[in-house]
Amino acid sequence: MREHPHTHIAEDGTVYEHVHAHTHAHTHQNTKAVLNRLSRAIGHMESIRRMVEDGRDCSEVLVQLSAVKAAINNTAKVILKDHIEHCLVDAVESGDHEALEELTDAIDRFLK
């Protein structure tokens, strides 16, 4: 059983920390692709920051923010697909029912 520290931040800023114990191993087939996507999104955000610093047109900034938002959502889809196909299958096979609750909570937070 592996323990994973986990932090939640409430809307009022209160930080809650606890540990989840998982009985399944996490395997991630798309780690390199996810890291590449995140690096591109980070680079894109840095260029948007420069646009704001340079006083660029608000509509141009909003278009670029929309592109980053789409890139992040698509990255999340890759992570979710990978998680369902590997981690969740492993969790169900090993009887780790907490993993399904954690996935539901993570999806709820992501969609807010």
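Treat the numbers as computed from the prediction; the structure is a model and nothing was measured.
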### Task
Please identify each residue that fulfils side-chain contact (heavy atoms from CB on, under 4.5 Å) with E93, with sequence neighbours left out.
V89, D90
### Message
Apply the hydrophobic cluster definition, ILVMFWY joined by side-chain contacts under 4.5 Å directly or through others, and give me every member besides V78.
### Response
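Members alongside V78: V34, L38, I79.
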### Query
What about L111 and L103, same hydrophobic cluster or not, with Ile/Leu/Val/Met/Phe/Trp/Tyr joined at side-chain heavy-atom distances under 4.5 Å?
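Linked, L111 and L103 end up in one cluster.
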How long is the span from the [atom1] atom in [X] to the [atom2] atom in [Y], to the nearest 0.5 Å?
X    : Y    : atom1 : atom2 : result
L80  : T75  : CG    : OG1   : 12.5 Å
D96  : E101 : CG    : CD    : 9.5 Å
D105 : E102 : CG    : CD    : 8.0 Å
N30  : N36  : CG    : CG    : 11.0 Å
S39  : R37  : OG    : CZ    : 12.0 Å

### Task
Kindly say whether L100 contributes a backbone atom to a donor-acceptor pair with the side chain of T104 at under 3.5 angstrom?
yes
Which residues satisfy the side chain to side chain donor-acceptor pair (under 3.5 Å) test with [X], sequence neighbours excluded?
X   : answer
D57 : S59
K69 : none
S47 : none

### Message
Using the salt bridge (charged side-chain N to carboxylate O under 4.0 Å, His left out) criterion, which residues pair with R56? Sequence neighbours excluded.
### Response
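Once residues adjacent in sequence are excluded, the partners of R56 under the salt bridge (charged side-chain N to carboxylate O under 4.0 Å, His left out) criterion are E60.
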### Query
For M45 and I48, what are the C-alpha separation, side-chain angles and deciding distance, and is it a side-chain contact (heavy atoms from CB on, under 4.5 Å)?
CA-CA 5 Å; M45 285 296 297; I48 294 169; 4.3 Å; yes
### Query
Can you list every salt bridge (charged side-chain N to carboxylate O under 4.0 Å, His left out) pair that touches residues 39-52, not counting sequence neighbours?
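Applying salt bridge (charged side-chain N to carboxylate O under 4.0 Å, His left out) to every pair that reaches into residues 39-52, excluding sequence neighbours, yields R49-E53.
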